[in-house]
Trainee: 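This structure is in C-alpha coordinates; I'll ask about it shortly.
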Amino acid sequence: MPAIKNTVVIFREDPGQGWVEEKHMEVVHKDFDPDTVEIKPENVLVKTLFLSLDPYMRMRMATGAKSYIHPFQIGEPLQGTAVAEVYRAAEGSKLQKGDLVVGMVDWAEWTIVSEKGLTKVEKKADVPLSYFLGILGMPGYTAYAGLEKIGEPKAGETVYVSGAAGAVGLVVGQIAKAKGCRVIGSAGSDDKVKLLLEEANFDAAFNYKTVKSYTDALKEHCPKGIDVYWDNVGGEMLDAVLPLMNAHGRIPVCGAISQYNASEPYGVKNLSMLIKSKLKLQGFIVGDYYADRELYQRFQQEIVQWIKEKKIVYKEHVDEGIASAPSAFVGMLKGRNTGKQIVKVV
Ligand SMILES: NC(=O)c1ccc[n+]([C@@H]2O[C@H](COP(=O)([O-])OP(=O)(O)OC[C@H]3O[C@@H](n4cnc5c(N)ncnc54)[C@H](OP(=O)(O)O)[C@@H]3O)[C@@H](O)[C@H]2O)c1
(Lines give C-alpha, C1' and ligand atoms only; values in the text may rest on other atoms or scores of the structure.)
Protein backbone atom coordinates (compact mmCIF):
# COMPACT_ATOMS: atom_id res chain seq x y z
CA MET A 1 0.00 0.00 0.00
CA PRO A 2 1.50 3.42 -0.92
CA ALA A 3 1.90 6.18 1.70
CA ILE A 4 -1.50 7.65 2.52
CA LYS A 5 -3.09 10.18 4.86
CA ASN A 6 -4.36 9.09 8.28
CA THR A 7 -7.34 11.22 9.25
CA VAL A 8 -7.20 11.88 13.01
CA VAL A 9 -9.34 13.97 15.39
CA ILE A 10 -7.25 15.99 17.84
CA PHE A 11 -8.47 17.39 21.17
CA ARG A 12 -7.86 21.12 20.73
CA GLU A 13 -9.40 22.90 23.70
CA ASP A 14 -11.04 22.14 27.05
CA PRO A 15 -14.67 23.30 26.65
CA GLY A 16 -14.83 24.24 30.35
CA GLN A 17 -18.38 24.39 31.72
CA GLY A 18 -21.14 24.63 29.13
CA TRP A 19 -21.50 23.00 25.74
CA VAL A 20 -18.73 21.23 23.93
CA GLU A 21 -18.55 22.43 20.32
CA GLU A 22 -16.88 21.17 17.17
CA LYS A 23 -14.25 23.91 17.50
CA HIS A 24 -12.86 22.11 20.58
CA MET A 25 -11.77 19.30 18.25
CA GLU A 26 -9.77 19.41 15.01
CA VAL A 27 -9.64 17.01 12.09
CA VAL A 28 -6.10 16.63 10.72
CA HIS A 29 -4.63 14.51 7.94
CA LYS A 30 -1.23 13.03 8.72
CA ASP A 31 1.16 11.37 6.28
CA PHE A 32 1.12 7.68 7.06
CA ASP A 33 2.51 4.50 5.58
CA PRO A 34 0.85 1.42 7.12
CA ASP A 35 3.40 -0.92 5.52
CA THR A 36 6.54 0.71 6.89
CA VAL A 37 5.50 2.48 10.11
CA GLU A 38 7.45 1.05 13.08
CA ILE A 39 5.46 -1.29 15.32
CA LYS A 40 7.17 -1.89 18.67
CA PRO A 41 6.99 -5.31 20.40
CA GLU A 42 3.54 -6.24 21.78
CA ASN A 43 1.88 -3.60 19.61
CA VAL A 44 -0.36 -3.89 16.58
CA LEU A 45 -1.48 -1.54 13.83
CA VAL A 46 -5.26 -1.54 13.48
CA LYS A 47 -7.64 -0.05 10.96
CA THR A 48 -10.78 1.36 12.62
CA LEU A 49 -14.01 -0.04 11.22
CA PHE A 50 -16.59 1.36 13.67
CA LEU A 51 -15.92 3.95 16.40
CA SER A 52 -18.18 4.30 19.43
CA LEU A 53 -19.06 7.79 20.67
CA ASP A 54 -20.19 7.83 24.30
CA PRO A 55 -21.37 10.50 26.76
CA TYR A 56 -18.52 9.73 29.24
CA MET A 57 -16.09 11.25 26.71
CA ARG A 58 -17.50 14.67 27.62
CA MET A 59 -16.15 14.16 31.15
CA ARG A 60 -12.74 13.25 29.72
CA MET A 61 -12.68 16.69 28.11
CA ALA A 62 -12.58 18.34 31.55
CA THR A 63 -8.79 18.46 31.77
CA GLY A 64 -8.59 19.59 35.41
CA ALA A 65 -11.33 17.37 36.81
CA LYS A 66 -10.83 14.33 39.01
CA SER A 67 -12.70 11.38 37.56
CA TYR A 68 -12.63 7.59 37.34
CA ILE A 69 -10.91 7.91 33.97
CA HIS A 70 -8.01 10.18 33.04
CA PRO A 71 -8.74 13.26 30.89
CA PHE A 72 -7.88 13.61 27.20
CA GLN A 73 -4.64 15.48 26.51
CA ILE A 74 -4.78 18.78 24.63
CA GLY A 75 -3.01 18.39 21.26
CA GLU A 76 -3.36 14.59 21.30
CA PRO A 77 -5.94 12.43 19.49
CA LEU A 78 -9.25 11.80 21.21
CA GLN A 79 -9.80 8.14 22.02
CA GLY A 80 -12.69 5.74 22.08
CA THR A 81 -13.66 2.11 21.81
CA ALA A 82 -13.80 0.69 18.32
CA VAL A 83 -14.26 -2.45 16.33
CA ALA A 84 -11.05 -2.61 14.33
CA GLU A 85 -9.17 -4.91 11.99
CA VAL A 86 -5.56 -5.88 12.56
CA TYR A 87 -3.39 -4.77 9.64
CA ARG A 88 0.08 -5.56 10.97
CA ALA A 89 1.30 -7.01 14.26
CA ALA A 90 4.71 -7.00 15.93
CA GLU A 91 6.65 -10.23 15.64
CA GLY A 92 5.47 -12.81 18.19
CA SER A 93 2.02 -11.27 18.55
CA LYS A 94 -0.98 -13.52 19.18
CA LEU A 95 -2.94 -11.42 16.69
CA GLN A 96 -2.59 -11.55 12.94
CA LYS A 97 -3.62 -9.59 9.88
CA GLY A 98 -7.38 -9.68 9.39
CA ASP A 99 -8.29 -10.43 13.02
CA LEU A 100 -11.24 -8.41 14.29
CA VAL A 101 -10.78 -6.80 17.69
CA VAL A 102 -12.53 -4.45 20.11
CA GLY A 103 -10.45 -1.98 22.09
CA MET A 104 -9.49 1.62 22.76
CA VAL A 105 -8.08 3.41 19.69
CA ASP A 106 -7.58 6.99 18.56
CA TRP A 107 -10.40 8.79 16.81
CA ALA A 108 -8.50 7.95 13.64
CA GLU A 109 -8.48 5.69 10.63
CA TRP A 110 -5.29 3.97 11.81
CA THR A 111 -3.86 3.48 15.32
CA ILE A 112 -0.90 1.60 16.76
CA VAL A 113 -2.05 0.11 20.07
CA SER A 114 -0.86 -2.34 22.68
CA GLU A 115 -2.33 -5.75 21.94
CA LYS A 116 -2.98 -6.18 25.68
CA GLY A 117 -5.93 -3.80 25.49
CA LEU A 118 -7.59 -5.61 22.58
CA THR A 119 -10.20 -8.36 22.68
CA LYS A 120 -10.64 -10.59 19.67
CA VAL A 121 -14.22 -10.81 18.43
CA GLU A 122 -15.85 -13.59 16.48
CA LYS A 123 -18.33 -12.35 13.94
CA LYS A 124 -21.72 -13.83 14.78
CA ALA A 125 -24.37 -14.54 12.16
CA ASP A 126 -27.35 -12.16 12.37
CA VAL A 127 -25.44 -9.72 14.58
CA PRO A 128 -23.89 -6.63 12.95
CA LEU A 129 -20.24 -6.08 13.90
CA SER A 130 -21.06 -2.62 15.26
CA TYR A 131 -23.30 -4.23 17.93
CA PHE A 132 -20.08 -5.07 19.81
CA LEU A 133 -20.00 -1.35 20.64
CA GLY A 134 -23.67 -1.20 21.62
CA ILE A 135 -26.05 -3.88 22.76
CA LEU A 136 -23.29 -6.54 22.91
CA GLY A 137 -20.70 -4.11 24.17
CA MET A 138 -20.23 -1.62 27.00
CA PRO A 139 -23.73 0.01 26.88
CA GLY A 140 -25.49 -3.36 26.76
CA TYR A 141 -23.47 -4.73 29.67
CA THR A 142 -24.11 -1.51 31.60
CA ALA A 143 -27.85 -2.18 31.30
CA TYR A 144 -27.57 -5.88 32.10
CA ALA A 145 -25.19 -5.60 35.07
CA GLY A 146 -26.77 -2.44 36.55
CA LEU A 147 -30.22 -4.03 36.54
CA GLU A 148 -28.99 -7.32 37.95
CA LYS A 149 -26.77 -5.87 40.68
CA ILE A 150 -28.64 -2.71 41.70
CA GLY A 151 -32.09 -2.39 40.08
CA GLU A 152 -33.17 -5.99 40.80
CA PRO A 153 -36.54 -5.62 39.02
CA LYS A 154 -39.20 -8.19 39.88
CA ALA A 155 -42.20 -9.25 37.83
CA GLY A 156 -45.12 -6.89 38.33
CA GLU A 157 -42.98 -3.95 39.46
CA THR A 158 -42.94 -0.55 37.75
CA VAL A 159 -39.64 0.41 36.14
CA TYR A 160 -39.08 3.94 34.84
CA VAL A 161 -36.14 4.60 32.47
CA SER A 162 -34.96 8.11 31.54
CA GLY A 163 -32.85 8.50 28.39
CA ALA A 164 -34.86 5.48 27.28
CA ALA A 165 -34.25 5.66 23.52
CA GLY A 166 -30.46 5.72 23.82
CA ALA A 167 -27.75 3.06 23.71
CA VAL A 168 -28.21 1.98 27.35
CA GLY A 169 -31.85 2.92 27.97
CA LEU A 170 -33.25 0.86 25.10
CA VAL A 171 -31.65 -2.27 26.53
CA VAL A 172 -32.66 -1.52 30.14
CA GLY A 173 -36.34 -1.15 29.21
CA GLN A 174 -36.47 -4.31 27.15
CA ILE A 175 -34.70 -6.44 29.77
CA ALA A 176 -37.14 -5.15 32.41
CA LYS A 177 -40.03 -6.06 30.08
CA ALA A 178 -38.58 -9.54 29.63
CA LYS A 179 -38.60 -9.88 33.42
CA GLY A 180 -42.32 -9.12 33.52
CA CYS A 181 -42.20 -5.50 34.71
CA ARG A 182 -44.38 -2.58 33.66
CA VAL A 183 -41.92 -0.29 31.84
CA ILE A 184 -42.18 3.47 31.26
CA GLY A 185 -39.64 5.50 29.33
CA SER A 186 -38.92 9.15 28.64
CA ALA A 187 -37.01 10.55 25.68
CA GLY A 188 -36.50 13.87 23.91
CA SER A 189 -38.59 13.58 20.73
CA ASP A 190 -41.96 12.25 19.57
CA ASP A 191 -40.19 9.87 17.15
CA LYS A 192 -38.22 8.37 20.04
CA VAL A 193 -41.42 7.97 22.07
CA LYS A 194 -43.01 6.22 19.08
CA LEU A 195 -40.05 3.83 18.85
CA LEU A 196 -40.35 2.96 22.55
CA LEU A 197 -44.07 2.24 22.27
CA GLU A 198 -44.29 0.62 18.85
CA GLU A 199 -41.01 -1.28 18.52
CA ALA A 200 -39.41 -1.66 21.94
CA ASN A 201 -42.60 -2.82 23.66
CA PHE A 202 -42.61 -0.18 26.48
CA ASP A 203 -45.96 0.10 28.27
CA ALA A 204 -45.91 3.91 28.30
CA ALA A 205 -43.55 6.68 27.23
CA PHE A 206 -43.44 10.48 27.13
CA ASN A 207 -41.44 13.28 25.55
CA TYR A 208 -39.79 15.03 28.52
CA LYS A 209 -39.20 18.15 26.42
CA THR A 210 -42.87 18.81 25.73
CA VAL A 211 -44.62 17.73 28.96
CA LYS A 212 -45.62 20.64 31.21
CA SER A 213 -44.39 18.93 34.38
CA TYR A 214 -42.20 15.84 34.92
CA THR A 215 -44.15 15.09 38.11
CA ASP A 216 -47.56 15.15 36.39
CA ALA A 217 -46.32 13.00 33.49
CA LEU A 218 -44.82 10.45 35.89
CA LYS A 219 -47.97 10.36 38.06
CA GLU A 220 -50.08 9.78 34.95
CA HIS A 221 -47.90 6.97 33.58
CA CYS A 222 -46.92 5.34 36.89
CA PRO A 223 -50.20 5.30 38.87
CA LYS A 224 -48.82 2.66 41.26
CA GLY A 225 -45.60 4.57 41.93
CA ILE A 226 -42.10 3.59 40.79
CA ASP A 227 -40.17 0.59 42.11
CA VAL A 228 -37.02 0.94 39.99
CA TYR A 229 -35.83 4.22 38.47
CA TRP A 230 -33.00 3.78 35.95
CA ASP A 231 -31.34 7.19 36.04
CA ASN A 232 -29.48 8.16 32.88
CA VAL A 233 -29.96 11.90 33.24
CA GLY A 234 -29.76 13.12 36.87
CA GLY A 235 -30.74 16.70 37.77
CA GLU A 236 -34.35 17.84 37.69
CA MET A 237 -35.70 14.46 36.56
CA LEU A 238 -34.13 12.67 39.52
CA ASP A 239 -35.68 15.30 41.80
CA ALA A 240 -39.13 14.71 40.29
CA VAL A 241 -38.83 10.93 40.62
CA LEU A 242 -37.70 10.72 44.27
CA PRO A 243 -41.10 11.55 45.90
CA LEU A 244 -42.85 9.07 43.55
CA MET A 245 -40.68 6.08 44.49
CA ASN A 246 -42.35 3.22 46.35
CA ALA A 247 -40.94 2.01 49.67
CA HIS A 248 -37.70 0.02 49.23
CA GLY A 249 -37.36 1.25 45.62
CA ARG A 250 -34.00 1.03 43.84
CA ILE A 251 -32.29 3.71 41.75
CA PRO A 252 -29.26 2.61 39.72
CA VAL A 253 -27.51 5.92 39.01
CA CYS A 254 -26.06 5.17 35.61
CA GLY A 255 -25.48 8.69 34.30
CA ALA A 256 -26.31 12.36 34.67
CA ILE A 257 -26.28 13.57 31.09
CA SER A 258 -28.45 16.61 31.87
CA GLN A 259 -25.46 17.88 33.86
CA TYR A 260 -22.50 17.12 31.54
CA ASN A 261 -22.79 20.37 29.57
CA ALA A 262 -24.60 22.44 32.20
CA SER A 263 -23.01 25.74 33.19
CA GLU A 264 -24.32 25.28 36.75
CA PRO A 265 -25.00 21.94 38.45
CA TYR A 266 -28.64 21.32 39.43
CA GLY A 267 -29.11 20.97 43.19
CA VAL A 268 -31.35 17.96 43.94
CA LYS A 269 -33.83 18.92 46.70
CA ASN A 270 -35.71 15.72 47.47
CA LEU A 271 -32.92 13.55 48.86
CA SER A 272 -34.74 13.16 52.19
CA MET A 273 -37.08 10.77 50.33
CA LEU A 274 -34.22 8.26 50.53
CA ILE A 275 -34.94 8.02 54.25
CA LYS A 276 -38.73 8.29 54.18
CA SER A 277 -39.12 5.65 51.47
CA LYS A 278 -36.07 3.57 52.48
CA LEU A 279 -34.65 3.84 48.97
CA LYS A 280 -31.40 2.50 47.56
CA LEU A 281 -29.64 5.05 45.34
CA GLN A 282 -26.39 3.64 43.98
CA GLY A 283 -24.00 4.88 41.36
CA PHE A 284 -21.83 2.42 39.46
CA ILE A 285 -19.25 2.14 36.70
CA VAL A 286 -19.73 -0.76 34.31
CA GLY A 287 -15.98 -1.42 34.25
CA ASP A 288 -16.23 -2.77 37.81
CA TYR A 289 -18.44 -5.62 36.64
CA TYR A 290 -16.18 -7.10 33.93
CA ALA A 291 -14.38 -9.17 36.57
CA ASP A 292 -17.63 -11.09 37.12
CA ARG A 293 -17.03 -13.55 34.27
CA GLU A 294 -20.18 -15.59 34.99
CA LEU A 295 -22.37 -12.48 34.71
CA TYR A 296 -20.57 -11.33 31.57
CA GLN A 297 -20.94 -14.69 29.82
CA ARG A 298 -24.61 -14.91 30.77
CA PHE A 299 -25.09 -11.39 29.33
CA GLN A 300 -23.45 -12.35 26.01
CA GLN A 301 -25.42 -15.59 25.65
CA GLU A 302 -28.77 -14.15 26.67
CA ILE A 303 -28.56 -11.02 24.52
CA VAL A 304 -27.41 -12.89 21.39
CA GLN A 305 -30.28 -15.33 21.90
CA TRP A 306 -32.80 -12.49 22.31
CA ILE A 307 -31.49 -10.77 19.17
CA LYS A 308 -31.79 -13.98 17.15
CA GLU A 309 -35.29 -14.61 18.45
CA LYS A 310 -36.16 -10.97 17.70
CA LYS A 311 -37.24 -10.53 21.32
CA ILE A 312 -35.17 -7.37 21.61
CA VAL A 313 -34.79 -4.55 19.09
CA TYR A 314 -31.74 -2.34 18.86
CA LYS A 315 -31.12 0.89 16.97
CA GLU A 316 -28.02 2.70 15.81
CA HIS A 317 -27.36 6.19 14.55
CA VAL A 318 -24.48 5.80 12.10
CA ASP A 319 -22.39 8.71 10.78
CA GLU A 320 -19.88 8.07 8.00
CA GLY A 321 -16.17 8.84 8.04
CA ILE A 322 -13.86 9.75 10.92
CA ALA A 323 -14.08 13.46 10.00
CA SER A 324 -17.75 13.36 11.01
CA ALA A 325 -16.89 12.34 14.60
CA PRO A 326 -16.82 15.86 16.15
CA SER A 327 -20.27 16.81 14.81
CA ALA A 328 -21.61 13.34 15.62
CA PHE A 329 -20.33 13.66 19.20
CA VAL A 330 -21.92 17.07 19.75
CA GLY A 331 -25.10 15.83 18.05
CA MET A 332 -25.27 12.80 20.35
CA LEU A 333 -25.02 14.95 23.46
CA LYS A 334 -27.86 17.09 22.07
CA GLY A 335 -30.06 14.05 21.41
CA ARG A 336 -29.76 13.71 17.63
CA ASN A 337 -29.15 9.97 17.96
CA THR A 338 -31.71 7.25 18.44
CA GLY A 339 -29.97 4.21 19.91
CA LYS A 340 -26.21 3.80 19.79
CA GLN A 341 -24.12 6.56 18.22
CA ILE A 342 -21.58 4.98 15.88
CA VAL A 343 -19.13 6.36 13.34
CA LYS A 344 -18.55 3.99 10.43
CA VAL A 345 -14.94 4.67 9.54
CA VAL A 346 -14.08 2.25 6.72
N1 LIG B 1 -22.22 4.11 34.70
C2 LIG B 1 -21.71 3.58 33.60
O3 LIG B 1 -20.85 2.71 33.64
C4 LIG B 1 -22.23 4.06 32.27
C5 LIG B 1 -21.97 3.36 31.10
C6 LIG B 1 -22.53 3.81 29.89
C7 LIG B 1 -23.31 4.96 29.90
N8 LIG B 1 -23.52 5.63 31.05
C9 LIG B 1 -24.39 6.82 31.12
O10 LIG B 1 -25.67 6.42 30.67
C11 LIG B 1 -26.32 7.52 30.06
C12 LIG B 1 -26.78 7.11 28.67
O13 LIG B 1 -25.65 6.79 27.88
P14 LIG B 1 -25.82 6.24 26.40
O15 LIG B 1 -24.52 5.75 25.95
O16 LIG B 1 -26.99 5.33 26.36
O17 LIG B 1 -26.15 7.56 25.59
P18 LIG B 1 -27.41 7.82 24.66
O19 LIG B 1 -28.62 7.78 25.53
O20 LIG B 1 -27.37 6.91 23.49
O21 LIG B 1 -27.14 9.28 24.10
C22 LIG B 1 -27.25 10.38 24.91
C23 LIG B 1 -28.73 10.84 25.02
O24 LIG B 1 -28.90 11.63 26.18
C25 LIG B 1 -30.07 12.40 26.03
N26 LIG B 1 -29.90 13.72 26.66
C27 LIG B 1 -29.05 14.70 26.32
N28 LIG B 1 -29.22 15.76 27.13
C29 LIG B 1 -30.21 15.44 27.98
C30 LIG B 1 -30.87 16.13 29.05
N31 LIG B 1 -30.53 17.38 29.40
N32 LIG B 1 -31.85 15.50 29.70
C33 LIG B 1 -32.21 14.25 29.37
N34 LIG B 1 -31.64 13.55 28.36
C35 LIG B 1 -30.65 14.14 27.69
C36 LIG B 1 -30.30 12.53 24.52
O37 LIG B 1 -31.53 11.88 24.22
P38 LIG B 1 -32.94 12.65 24.33
O39 LIG B 1 -33.34 12.97 22.92
O40 LIG B 1 -33.82 11.65 24.97
O41 LIG B 1 -32.73 13.89 25.14
C42 LIG B 1 -29.15 11.76 23.90
O43 LIG B 1 -29.55 11.04 22.77
C44 LIG B 1 -25.32 8.66 30.06
O45 LIG B 1 -25.57 9.49 31.17
C46 LIG B 1 -23.99 7.97 30.22
O47 LIG B 1 -23.01 8.80 30.79
C48 LIG B 1 -22.99 5.20 32.24
Side-chain angles (χ1 to χ4, degrees), residues 18-20 51-62 67-69 80-81 130 133-135 137-151 160-175 185-196 200 202 205-211 214 217 229-241 251-266 281-290 299 314-319 328-343:
W19 278 98
V20 58
L51 174 70
S52 175
L53 298 179
D54 297 279
Y56 79 87
M57 293 166 169
R58 175 65 185 86
M59 289 182 268
R60 292 192 71 186
M61 290 179 169
S67 185
Y68 64 95
I69 185 164
T81 307
S130 52
L133 303 176
I135 186 166
M138 182 277 281
Y141 193 48
T142 301
Y144 194 90
L147 273 181
E148 170 116 356
K149 297 286 185 186
I150 305 170
Y160 166 52
V161 188
S162 57
V168 175
L170 255 185
V171 187
V172 171
Q174 293 180 87
I175 294 176
S186 61
S189 78
D190 292 345
D191 282 345
K192 292 185 186 188
V193 168
K194 196 164 172 233
L195 161 77
L196 296 176
F202 280 50
F206 62 93
N207 179 343
Y208 74 92
K209 289 186 179 164
T210 54
V211 290
Y214 293 167
Y229 169 45
W230 183 279
D231 190 6
N232 275 326
V233 306
E236 200 180 337
M237 184 61 83
L238 173 60
D239 228 1
V241 169
I251 306 179
V253 181
C254 176
I257 198 162
S258 72
Q259 303 300 295
Y260 299 168
N261 293 286
S263 354
E264 287 229 5
Y266 176 92
L281 175 99
Q282 187 180 330
F284 70 100
I285 299 295
V286 62
D288 294 343
Y289 293 124
Y290 282 101
F299 152 71
Y314 202 59
K315 299 284 166 187
E316 296 180 315
H317 183 111
V318 183
D319 286 81
F329 182 62
V330 175
M332 185 257 301
L333 291 171
K334 293 194 166 168
R336 205 195 51 177
N337 62 310
T338 297
K340 179 77 196 99
Q341 176 67 55
I342 298 282
V343 175

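Order of appearance sets the numbers: ligands from 1, and atoms from 1 within every ligand. Residue numbers count from 1 along this sequence.
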Trainee: So which heavy atom in the protein is nearest atom 20 (O) of ligand 1, and how far is it from that ligand atom?
Mentor: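 The protein heavy atom lying closest is Ala167 N, 2.8 Å.
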
Trainee: Might you point out which heavy atoms bring Gly185 and Ala164 nearest each other, and give the distance in Å?
Mentor: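 Heavy-atom minimum between the residues: CA-CB, 3.7 Å.
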
Trainee: Find all atoms of ligand 1 within a distance of less than 4.0 Å from any non-hydrogen atom belonging to Leu333, and give their numbers and elements.
Mentor: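 Answer for ligand 1: 27 (C), 28 (N).
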
Trainee: Starting from atom 17 (O) of ligand 1, what is the nearest protein heavy atom, named by residue and atom, and what distance separates them?
Mentor: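 Checked against all protein heavy atoms, atom 17 (O) of ligand 1 sits closest to Pro55 CG, 3.4 Å.
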
Trainee: Decide whether the shortest distance between a heavy atom of Gln341 and an atom of ligand 1 is less than 4.0 Å.
Mentor: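 Gln341 does not count as a contact of ligand 1 under the 4.0 Å cut-off.
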
Trainee: Please check if the side chain of Ser258 supplies one atom and the backbone of Val233 the other of a donor-acceptor pair under 3.5 Å.
Mentor: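 Present.
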
Trainee: What residue and atom, counting heavy atoms only, is the protein's closest point to atom 29 (C) of ligand 1, and at what distance?
Mentor: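 Minimum-distance protein heavy atom for atom 29 (C) of ligand 1 reads Tyr208 OH, 3.6 Å.
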
Trainee: Does Asn261 form a side chain to side chain contact (heavy atoms under 4.5 Å, CB included) with Val20? I'd like the steps, not just the answer.
Mentor: CA-CA 7 Å; Asn261 293 286; Val20 58; 3.8 Å; yes

Trainee: Looking only at distances, please establish whether an N/O atom of ligand 1 is found under 3.5 Å from an N/O atom of Val253.
Mentor: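 So ligand 1 has no N or O lying under 3.5 Å from an N or O of Val253.
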
Trainee: Should you measure from each heavy atom of Gly339, which atoms of ligand 1 turn up under 4.0 Å away?
Mentor: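 In order of number, 20 (O).
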
Trainee: Any carboxylate oxygen within less than 4.0 angstrom of a Lys/Arg side-chain nitrogen, looking at Asp319 and Arg336?
Mentor: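 Yes, charged N to carboxylate O under 4.0 Å.
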
Trainee: Step by step, work out the side-chain hydrogen bond (donor to acceptor under 3.5 Å, both in side chains) result for Asp239 and Tyr214.
Mentor: CA-CA 9 Å; Asp239 228 1; Tyr214 293 167; over 6 Å; no

Trainee: Does the residue Ser189 have a heavy-atom contact with ligand 1, meaning some pair of atoms that are separated by less than 4.0 Å?
Mentor: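 Ser189 does not count as a contact of ligand 1 under the 4.0 Å cut-off.
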
Trainee: Could you tell me the separation between the CD1 atom of Ile342 and the CD atom of Glu316, rounded to the nearest 0.5 Å?
Mentor: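 Reported to 0.5 Å precision, the distance equals 5.0 Å.
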
Trainee: With atoms numbered from 1 as shown, which atoms in ligand 1 lie under 4.0 angstrom from a non-hydrogen atom of Tyr260?
Mentor: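 This gives 45 (O), 46 (C), 47 (O) as the contact atoms.
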
Trainee: Does the side-chain hydrogen bond (donor to acceptor under 3.5 Å, both in side chains) test come out yes or no for Gln341 and Ser52, once each step is laid out?
Mentor: CA-CA 6 Å; Gln341 176 67 55; Ser52 175; over 6 Å; no

Trainee: Do you see a donor-acceptor pair shorter than 3.5 Å between the side chains of Tyr229 and Asp231?
Mentor: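 Side chains of Tyr229 and Asp231: pair found under 3.5 Å.
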
Trainee: Give the atom numbers and elements of ligand 1 that come within less than 4.0 Å of a heavy atom of Val233.
Mentor: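 Ligand 1 atoms under the 4.0 Å threshold to Val233: 33 (C), 34 (N).
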
Trainee: For residues Thr338 and Leu195, report the shortest heavy-atom separation together with the two atoms involved.
Mentor: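 Of all heavy-atom pairs spanning Thr338 and Leu195, the closest is CG2-CD2, 3.4 Å.
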
Trainee: So among Ile257, Asn232, Val168, which one has a side-chain contact (heavy atoms from CB on, under 4.5 Å) with Pro55?
Mentor: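 That would be Ile257; it is the only one of Ile257, Asn232, Val168 passing the side-chain contact (heavy atoms from CB on, under 4.5 Å) with Pro55.
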
Trainee: Specify the protein heavy atom at minimum distance from atom 21 (O) of ligand 1: its residue, its atom name, and the distance to 0.1 Å.
Mentor: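 Result: Asn337 ND2, 3.3 Å.
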
Trainee: What orientation do Tyr141 and Phe299 show, parallel under 30°, tilted 30 to 60°, or perpendicular over 60°?
Mentor: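 If you compare the ring of Tyr141 with that of Phe299, the planes turn out tilted.
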
Trainee: What residue and atom, counting heavy atoms only, is the protein's closest point to atom 36 (C) of ligand 1, and at what distance?
Mentor: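 Checking every protein heavy atom, the shortest distance to atom 36 (C) of ligand 1 gives Gly335 CA, 3.5 Å.
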
Trainee: Quick test of your reading of the model: are Lys340 and Asp54 salt-bridged, counting only N-O distances below 4.0 Å?
Mentor: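 Judged by the 4.0 Å cut-off on N to carboxylate O distance, Lys340 and Asp54 do form a salt bridge.
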
Trainee: Please say whether Lys209 places an N or O atom under 3.5 Å from an N or O atom belonging to ligand 1.
Mentor: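 In fact, backbone or side chain, Lys209 has no N or O that close.
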
Trainee: Suppose I only count heavy atoms of Ile257 and a 4.0 Å limit; which atoms of ligand 1 are within that range?
Mentor: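 Here the atoms of ligand 1 in question are 22 (C), 24 (O), 26 (N), 27 (C), 29 (C), 34 (N), 35 (C), 45 (O).
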
Trainee: Could you tell me which atoms of ligand 1, counted from 1 in the order shown, lie closer than 4.0 angstrom to a heavy atom of Phe284?
Mentor: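 Contacts of ligand 1 toward Phe284, numbered from 1: 1 (N), 2 (C), 3 (O).
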
Trainee: To the nearest 0.1 Å, how far is atom 48 (C) of ligand 1 from its closest protein heavy atom, and which atom is that?
Mentor: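 Looking at atom 48 (C) of ligand 1, the protein heavy atom closest to it is Cys254 O, 2.9 Å.
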
Trainee: Number the atoms of ligand 1 from 1 as they appear, then name those within less than 4.0 Å of a heavy atom of Ser258, with their elements.
Mentor: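 Listed by number with element, the hits are 30 (C), 31 (N), 32 (N).
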
Trainee: Give the intermediate values and the outcome of side chain to side chain contact (heavy atoms under 4.5 Å, CB included) for residues Thr142 and Phe284.
Mentor: CA-CA 9 Å; Thr142 301; Phe284 70 100; 3.8 Å; yes

Trainee: Around atom 6 (C) of ligand 1, find the nearest protein heavy atom and jot down its residue, atom name and distance.
Mentor: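 Residue, atom and distance for the closest contact: Met138 SD, 3.5 Å.
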
Trainee: Among Asp231, Val168, Asn207, which one puts a heavy atom closest to atom 16 (O) of ligand 1?
Mentor: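 Considering heavy atoms of Asp231, Val168, Asn207, the nearest to atom 16 (O) of ligand 1 sits in Val168.
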
Trainee: Side chain, backbone, both or neither: which applies to Lys192 and ligand 1 if a contact is any heavy-atom pair less than 4.0 Å apart?
Mentor: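 Answer for Lys192: side chain.
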
Trainee: Polar-atom distance check: Asn232 versus ligand 1, any N or O pair below 3.5 Å?
Mentor: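 Yes, there is a polar N/O contact under 3.5 Å.
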
Trainee: Which ligand 1 atoms are under 4.0 Å away from a heavy-atom of Gly255?
Mentor: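 Within the 4.0 Å cut-off of Gly255, ligand 1 contributes 9 (C), 45 (O).
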
Trainee: Which protein non-hydrogen atom lies closest to atom 40 (O) of ligand 1, naming both residue and atom, and how far is it?
Mentor: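 Ranking protein heavy atoms by distance from atom 40 (O) of ligand 1, first comes Gly188 N, 2.8 Å.
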
Trainee: Under 3.5 Å, is there a donor-acceptor pair linking the side chains of Ser186 and Tyr160?
Mentor: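 Yes, a side-chain donor-acceptor pair sits under 3.5 Å.
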
